[in-house]
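First up is the structure itself, then whatever we jot down about it.
Residue numbers begin at 1 in each chain, while the letters A, B, ... track the order of the sequences.
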There are 2 protein chains.
Amino acid sequence: MMFIYETVFAQKLTFTWLQALKRFKPCHINMSNTTIKILAKELNLSVASVSKALRDSHEISKETKEKVLALARKLNYVPNPYASSLRKRKSKTIAVVLPEVADSFFSLAINGIESVAQDKGYHVLIYLTHESFAREEAILNEFKSGRVDGILISVSSETNNSDHITQVIASGKPVVFFDRVCDDVETAKIITDDMESSYKATSHLIQNGCKNIAYIYTSRSLSINNKRLEGYKKALADHDITIQEDLIVLCDSNTTGNYDIIKKLLKKKNRPDALIACVEKLTTPIYLACRDLKLSIPGKIKVISFTNLQAALILSPALTTVTQPAFEMGKMAATVLFKALEKKNYSLKKETVIIPSVLNIRQSAT
Amino acid sequence: MMFIYETVFAQKLTFTWLQALKRFKPCHINMSNTTIKILAKELNLSVASVSKALRDSHEISKETKEKVLALARKLNYVPNPYASSLRKRKSKTIAVVLPEVADSFFSLAINGIESVAQDKGYHVLIYLTHESFAREEAILNEFKSGRVDGILISVSSETNNSDHITQVIASGKPVVFFDRVCDDVETAKIITDDMESSYKATSHLIQNGCKNIAYIYTSRSLSINNKRLEGYKKALADHDITIQEDLIVLCDSNTTGNYDIIKKLLKKKNRPDALIACVEKLTTPIYLACRDLKLSIPGKIKVISFTNLQAALILSPALTTVTQPAFEMGKMAATVLFKALEKKNYSLKKETVIIPSVLNIRQSAT
DNA sequence: AACATTATGGCAATCGTTTGAAAGGTGATG
DNA sequence: CATCACCTTTCAAACGATTGCCATAATGTT
């Protein structure tokens, strides 16, 4: 859909110069920020003493601490983070590397991550790969410098080599994967039970009489896709249904062509009687294609989608979903990362957390 | 819906310790990052020369530049950003302050912002206020330190005082508002035509025979809400419909109670024949309440919502939306901010950009 | 040949904060 | 009175990169 906005608004951009209505409030015009040096001079103390006072060191007497604190508050002193990052070799910053935030999964995950980070007094840098491996490499490469203390990452759909990640780990920065992981990298992974939930979803369809179940996905290399596919295949096998490779369909990762691909699938001679969509963004084209082909859901065809869309409830018919614990996964990923950052010799190598997804059975697959 | 996940997964959290399957790849274990100093020693040059070579200064000969570049590449040198930020008093970082990312508007906006920032070689720090004024203040206060070069902000719904923002501006950091602005702060604002689009939406309902149009919103203090409300009122007035204050309903900003509030509204003696939802998250409770009360949309009641949900197309019935140019607004906000960062004495005071929203008329309001 | 100019690279200070070591002061103890 | 312990504060060297100015050599100009 995005391309619609882009073209529409490229033409419609309107610039308006509004009248200045109110006067500008002066309020403490201190372009030159107050530094520790200024505090020191003002108080006839050394910078060292001021610094120690601010960090509540035992070396400084209670009275001077109070004087320092008072002036700092008065002058609204905010320490320069880069000076202290440089000296302490700690940035109090983490990076979150994502393919995109269009998806409601990642939106919720960011909320989870940010809430933990804010608690811990950490800052969050966000980077989007736009599903490009080259960008992911470039972004990760920057992290060797010390800009961040640790990294949370959900890899791009193009990623099938993990050297850029192992290099960052080797440079001493903890990395935690969430959702989209690299199996061959030994570090913490926060995932959901993709195989099992896909198995459950498929089994549910089979129990409701489906035999021609199609599986639609968007990336061959993502391990989560493969696990979901595995669950799908296993469910079919366990119910003695032969796997039809032509019902396993690869879509674009850029929305545009998916409607056509799905439509084509639905016009096959062995038309599927159920669809499992492995990612959220396939939901809309599926519903549209079914509507346009006058295939009633769930009558002619049943649908299950992996999605966190709240609106699943109010679709027509209500969508059966596999809902990932997005917020929790983000929160857990951040929590595990902070454990590694706070304990000295904490190893992430064998830490994997699996948070189960939930199959919400609704009308679309009943 | 979120609370459901929270309680479910709190109990279901499962920890699994996976077997280590593959050996760890060594690949350049250089815990101590290569610095300019190391390059200098290796090449028998001074740090100054190396620095200048890397920045392609005319003071350095072509040959030495090449030698330096070669070694830097070989040792995978990445400059320490904090050292150079400290020295240059530039962080190459911007902050994005948002109420939340649950909303699809903000997700798209982040995409827009990030794409521009990545182009310009800037880094993006993200902060969520969770609609709390106190957090917004605390976050903004930190920016006086030089952590970021500029700020993009969409204020919290609690914000009705803007001192924290003018203070940051006074400290020399450019600020650009987008979507949710503070009218009384003189700086760039990227907004959409809230009044006009609300006017259009309301007029559309009136033209389709509605007379009892309810307006549902979530915050009294947000200027965008007030502009939308104004458009609504103006449309009613222009069509000689008296404004009924009890049809202007304030909802929670935390999803939970909204279903009940809407249900109550729909059970009034003077039941509205149309609803305008001023924010995306009200869509689900509206549809659910209508369904549960057996009020057919658009037969008994018509619905229009301000939303960027792609799924609006496949709701039952398809939802009429006022769609904001989210991606474009994010992009524009970032673009304007970078103009201020790159030109020396560029004033943002009178810069306001209005990008129009689009009324997508669909079944729910026909 | 004397002087001016250009090309190249080094010196040292700087950004603001932190921190180990040293210095100054007090009081107590042998 | 000397010694020790302790409390408080200052000194100075980092952290890594940048940059104005200076030094040297090489080249050009008269």
(Q) What I'd like to find out is whether the side chain of Glu136(A) reaches to under 4.5 Å of the side chain of Ile153(A), using heavy atoms alone. (A)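 Touching, per the 4.5 Å side-chain cut-off.
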Q | Beyond-backbone contact of Thr34(A) with Asn76(A), side-chain heavy atoms, under 4.5 angstrom | A |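 With C-beta onward as the side chain, the pair stays apart.
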Between [N] ([atom2]) and [X] ([atom1]): distance, integer Å:
{"X": "Asn44(B)", "N": "dT8(C)", "atom1": "CG", "atom2": "C1'", "answer": "16 Å"}
{"X": "Lys41(A)", "N": "dT10(D)", "atom1": "NZ", "atom2": "C1'", "answer": "17 Å"}
{"X": "Ile36(B)", "N": "dT18(D)", "atom1": "CD1", "atom2": "C1'", "answer": "8 Å"}
{"X": "Lys37(A)", "N": "dT10(D)", "atom1": "NZ", "atom2": "C1'", "answer": "16 Å"}
{"X": "Lys92(B)", "N": "dA17(D)", "atom1": "NZ", "atom2": "C1'", "answer": "16 Å"}
{"X": "Leu39(B)", "N": "dG16(D)", "atom1": "CG", "atom2": "C1'", "answer": "12 Å"}
{"X": "Lys90(A)", "N": "dT19(C)", "atom1": "NZ", "atom2": "C1'", "answer": "17 Å"}
{"X": "Arg89(B)", "N": "dA17(D)", "atom1": "CZ", "atom2": "C1'", "answer": "14 Å"}

Is there a residue in [range] whose heavy atoms reach under 4.0 Å of DNA chain D, and which residues are they?
{"range": "residues 65-73 of chain B", "result": "none"}
{"range": "residues 141-149 of chain A", "result": "none"}
{"range": "residues 49-62 of chain A", "result": "Ser49(A), Lys52(A), Glu59(A), Ile60(A), Ser61(A)"}

Q: Hey, could you give me each pair passing salt bridge (Lys or Arg N to Asp or Glu O under 4.0 Å) that has a residue in residues 164-180 of chain A? Not counting sequence neighbours.
A: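 Sorted pair list: Glu131(A)-Arg180(A).
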Q: Scan residues 140-159 of chain B for pairs that pass salt bridge (Lys or Arg N to Asp or Glu O under 4.0 Å), counting only residues two or more places apart or in two chains.
A: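 As it turns out, the salt bridge (Lys or Arg N to Asp or Glu O under 4.0 Å) pairs with a partner in residues 140-159 of chain B, which skip direct neighbours, are Glu142(B)-Arg147(B).
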Tell me whether [X] contacts the main-chain N or O of [Y] through its side chain, where contact means a donor paired with an acceptor under 3.5 Å.
{"X": "Ser221(B)", "Y": "Ser157(B)", "result": "yes"}
{"X": "Thr187(A)", "Y": "Val175(A)", "result": "yes"}
{"X": "Thr352(B)", "Y": "Ala188(B)", "result": "no"}

Q. Hey, does the side chain of Thr64(A) come within less than 4.0 Å of dT9(D)'s phosphate (OP1/OP2), counting only N and O?
A.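 The answer is yes; a side-chain N or O of Thr64(A) sits under 4.0 Å from OP1 or OP2.
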Q) For Arg87(A) and dC15(C), is the shortest distance between a side-chain N/O and OP1 or OP2 below 4.0 Å? A)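 No, Arg87(A) has no side-chain N/O under 4.0 Å of OP1/OP2 on dC15(C).
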Q) Given that Val47(A) and Lys88(B) both sit by DNA chain C, which one's nearest nucleotide is further toward the 5' end? A)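 Result: Lys88(B).
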Q: Using ring pair (Phe, Tyr, Trp, His ring centres under 6.0 Å) as the criterion, list what pairs up with Phe338(B), not counting sequence neighbours.
A: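 Phe338(B) satisfies ring pair (Phe, Tyr, Trp, His ring centres under 6.0 Å) with Tyr122(B) only.
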(Q) The criterion is ring pair (Phe, Tyr, Trp, His ring centres under 6.0 Å); which residues satisfy it with Phe143(B), sequence neighbours excluded? (A)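 Residues passing ring pair (Phe, Tyr, Trp, His ring centres under 6.0 Å) with Phe143(B): Tyr127(B).
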Q.
Run the side chain to side chain donor-acceptor pair (under 3.5 Å) test against Ser115(A) and tell me which residues pass, sequence neighbours left out.
A.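 With neighbours one apart ignored, the set is empty.
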Q. What pairs of residues pass the ring-ring contact (aromatic ring centres under 6.0 Å, His included) test when at least one of them lies in residues 51-99 of chain B, not counting sequence neighbours?
A.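 Counting only pairs at least two positions apart or across chains, the ring-ring contact (aromatic ring centres under 6.0 Å, His included) contacts touching residues 51-99 of chain B are Tyr82(A)-Tyr82(B).
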Which side-chain N or O atoms in residues 39-50 of chain A pair as donor and acceptor under 3.5 Å with protein atoms at least two apart or in another chain?
unit_1	atom_1	unit_2	atom_2	d
Ser46(A)	OG	Ser49(A)	N	3.1
Ser46(A)	OG	Ser49(A)	OG	2.9

(Q) Can you pull out the residues from residues 77-86 of chain A that lie within a 4.0 Å heavy-atom distance of DNA chain C? (A)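 Within this stretch, Tyr77(A), Pro79(A), Asn80(A), Ala83(A), Ser84(A) sit under 4.0 Å of the strand.
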(Q) Taking side chain to side chain contact (heavy atoms under 4.5 Å, CB included) as the criterion, tell me which of Leu125(B), Val148(B), Ile139(B) meets it with His123(A). (A)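 Only one of Leu125(B), Val148(B), Ile139(B) forms a side chain to side chain contact (heavy atoms under 4.5 Å, CB included) with His123(A), namely Leu125(B).
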Q. What residues form a side-chain contact (heavy atoms from CB on, under 4.5 Å) with Thr35(A), not counting sequence neighbours?
A.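 If we apply the side-chain contact (heavy atoms from CB on, under 4.5 Å) test to Thr35(A), skipping adjacent residues, the hits are Lys37(A), Ile38(A).
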